[in-house]
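Keep in mind the model is a prediction, meaning the values are calculated, not measured. Quick note: numbers below take in every heavy atom, side chains included, and nothing from hydrogens, waters or symmetry partners.
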Amino acid sequence: MPKRKQRKVEEEDSTRTGTPKIDLISSLPDSLLCHILSFLPTRCAMATSVLAHRWRHLWKDVLVLDLDNSKHSPYYLPGGTHRFIAFVNAVLAQRKAPHVKKLRLACDIPRGEKRTIKTWIHTVVGPHLQELYLDLSLPCNEFGNRDIKLPEEVLTSASLESLVLKGHMILTVYDGFVDLPSLKNLELDLNYVDPEFVLDGCWALENLRLTLHESFPLNASDPPVIQMPGSLKRLTLIQADDTEEDLNDIEDLVIDTPLLEYLSITLWARCLQVSISNYPNMVEAHLDIDQDKEQVGWMLELLKALRQTKLLDLKLSTMECLLVAPAFELPEFSRLLNLELEIPYFNSGFLIKLLHNCHMLQVLTLHNREKVSTVEPEEPNCWTLPMKDPDCVISHLKIFEFKGYQDSADEHAFVAYLLERGPILKTMKIHAHRSLGLKYKHRIRQELSTIPRSSKTCKLKVT
């Protein structure tokens, strides 16, 4: 019997016999129901008050406030920001919970209401606050600034574990003012904040996401040296889109973090210097770095420091730098399992050289972005059969994916080489360049299908 019919029969039997239906949710204790409501935006949690008499006041005991009135939010209150301010004031006035564990506040603040925001933050800040997320857009004052000074209790909280500060505002921080001994997660994406002072007070920080803007630090006599905490395990460093090529506001980035397991860097500040250390615990690294030929040295040092990583993702700008850099020695990636490369043009010689240094590689992904890049090879690349097969090709490589395949002689020879010499290759996916027509793609599929394969289980897919 189909499940729908079976359920209908059971309901009819229940009606005939007079057996009451069991409401499993309502049988849960209030503490568990409040915990469930804490995963909902506050507006949704309040809406449950109409379900039944018991639910009328449950939302008032929830220890989480999620107040999002950003324009992209599905819970945006139309009719102006003043309506949202009235809503938040009503929420805070009706709450019965003794404290707040998590506050998420995202909104645009109209002129003259900055004090209201500070009042909200003062209301929820306490010894039990563990997570604070602020995404605020403040109007400029008469001096053209969007400054906001967080309450001292926030920046000296012993209980705070996660702090996210985003938006069009300026955070004023004074030397010695930050003391966050329990903070594990920190995200800074503001028009102005001096990371140097903030990071100095985060002794136990494990995850940092820092977006660098052109407008900091203000009124600094000397550009700061940003020292990353040694306790970091995850670091995401992004140069904001509103910056120019050079970040003259920063003298040096010091990433002396031996415990680092995840690293993602997006930088095109060509004059920026970065000091690094070895990262023996590295698991995943993504590099999108644009540097001049003369200043590519620190990026090569970074590759050496990442030699223990298991996943390495080199974006287009990074590969452009490496392919035009003066002759250098590639490090050996002894634990690398997954390699992803965005290439400005295909260079089989460089790829074979790199594969020789990736002994354990299992997954290789190439994305040819030739039409996007302005870098052109000095002379056409010609395939040369390597005198010795890379260890990974003959013993570990299982998956190969090629995006933007243009069927040049060099590309075709490289693909054929992997098919002929990869005895444990399981999957090969070739995504032909979008400019190639269906007939050409069909010809590519036919030609590659005729190549003898070392692996009897290898599946070839051409799209």
Side-chain angles (χ1 to χ4, degrees), residues 162 164 183-189 199 202 204-212 226 228-240 253-268 272 274-291 296 298-322 330-343 350-351 354-367 369 390-392 396-403 426-427 429:
S162 177
V164 179
L183 196 68
K184 303 291 185 183
N185 176 67
L186 176 62
E187 297 184 32
L188 297 176
D189 184 2
L199 296 176
C202 305
L205 195 63
E206 294 183 357
N207 179 44
L208 173 62
R209 182 182 179 90
L210 178 61
T211 302
L212 303 174
I226 301 179
M228 303 298 171
S231 58
L232 276 185
K233 294 183 178 179
R234 295 178 62 89
L235 173 60
T236 302
L237 192 62
I238 303 171
Q239 184 172 344
L253 286 172
V254 181
I255 312 177
D256 186 7
T257 51
L259 301 179
L260 208 59
E261 298 175 358
Y262 174 92
L263 177 65
S264 178
I265 299 181
T266 302
L267 284 176
W268 56 88
L272 185 64
V274 180
S275 304
I276 58 178
S277 62
N278 288 325
Y279 310 115
N281 300 318
M282 186 62 64
V283 176
E284 186 173 335
H286 304 263
L287 304 182
D288 189 357
I289 304 171
D290 188 3
Q291 289 286 289
V296 75
W298 75 264
M299 189 167 66
L300 300 179
E301 291 299 318
L302 178 58
L303 284 177
K304 293 179 182 178
L306 295 171
R307 59 184 177 273
Q308 297 297 325
T309 188
K310 294 183 179 179
L311 184 150
L312 182 61
D313 176 18
L314 303 181
K315 300 298 185 183
L316 180 63
S317 55
T318 305
M319 288 300 300
E320 286 179 339
C321 293
L322 294 178
L330 284 167
E332 289 198 9
F333 299 96
S334 58
R335 299 196 308 169
L336 189 64
L337 302 178
N338 192 327
L339 178 61
E340 301 176 17
L341 304 175
E342 282 190 5
I343 52 179
F350 180 87
L351 287 174
L354 184 56
L355 291 180
H356 271 297
N357 289 21
C358 305
H359 309 294
M360 307 292 290
L361 190 67
Q362 297 181 6
V363 180
L364 174 61
T365 303
L366 302 179
H367 191 177
R369 302 287 298 273
D391 291 339
C392 63
H396 293 91
L397 191 63
K398 297 179 180 179
I399 300 174
F400 173 65
E401 186 171 6
F402 197 150
K403 303 174 184 178
K426 293 183 177 180
T427 304
K429 295 180 180 179

From CA spacing to verdict: side-chain contact (heavy atoms from CB on, under 4.5 Å), I265, L302: CA-CA 11 Å; I265 299 181; L302 178 58; 4.1 Å; yes
Separation of L237 CG from L208 CG (nearest 0.5 Å): 8.0 Å
L263 vs L306 side-chain heavy atoms within contact, under 4.5 Å: yes
Considering all heavy atoms, the nearest V363-L397 contact: N-CD1, 4.1 Å
Heavy-atom closest contact (A305 atom, N278 atom, distance): CA-OD1, 3.9 Å
Minimum side-chain heavy-atom gap L312-L341 below 4.5 Å: no
Exercise: identify the closest heavy-atom pair between F333 and L303: CE2-O, 3.7 Å
Pairwise side-chain contact, L339 with L354, heavy-atom cut-off 4.5 Å (strictly under): yes
Exam field: side chain D256 to backbone S277, donor-acceptor pair closer than 3.5 Å: no
Side chains of M360 and L337 in contact at under 4.5 Å (non-hydrogen atoms): yes
Ring pair (Phe, Tyr, Trp, His ring centres under 6.0 Å) partners of F402, counting only residues at least two apart: F346, Y405
Side-chain touch M228/L260, heavy atoms, less than 4.5 angstrom: no
Value rounded to 0.5 Å, distance of CG in N281 from NZ in K310: 10.0 Å
Side chain R209, main chain T236, donor-acceptor under 3.5 Å: no
Interatomic spacing from CE in M299 to CG in L287 - rounded to 0.5 Å: 8.0 Å
Over all atoms of both residues, closest heavy-atom pair of F400 and L366: CE1-CD1, 3.9 Å
Donor-acceptor contact present, side-chain T318 to main-chain I289, <3.5 Å: yes
Donor-acceptor pair, side chain of Q239 and main chain of L267, under 3.5 angstrom: no
Approximate separation, where rounding is to 0.5 Å, of L199 CG and L188 CG: 7.0 Å
Closest heavy-atom pair and its distance - H359, H396: O-ND1, 3.2 Å
E206 and S231, any side-chain heavy atoms less than 4.5 Å apart: no
Considering all heavy atoms, the nearest E342-M319 contact: O-CG, 3.0 Å
Sub-4.5 Å side-chain heavy-atom contact between H286 and Y262: yes
Distance-only donor-acceptor check, side chains D288 and T266, under 3.5 Å: no
Gap separating the CG atom of L205 from the CG atom of N207, nearest 0.5 angstrom: 7.0 Å
Side-chain heavy atoms of E340 within contact of L311, under 4.5 Å: yes
Gap separating the CZ atom of R335 from the OG1 atom of T309, nearest 0.5 angstrom: 8.0 Å
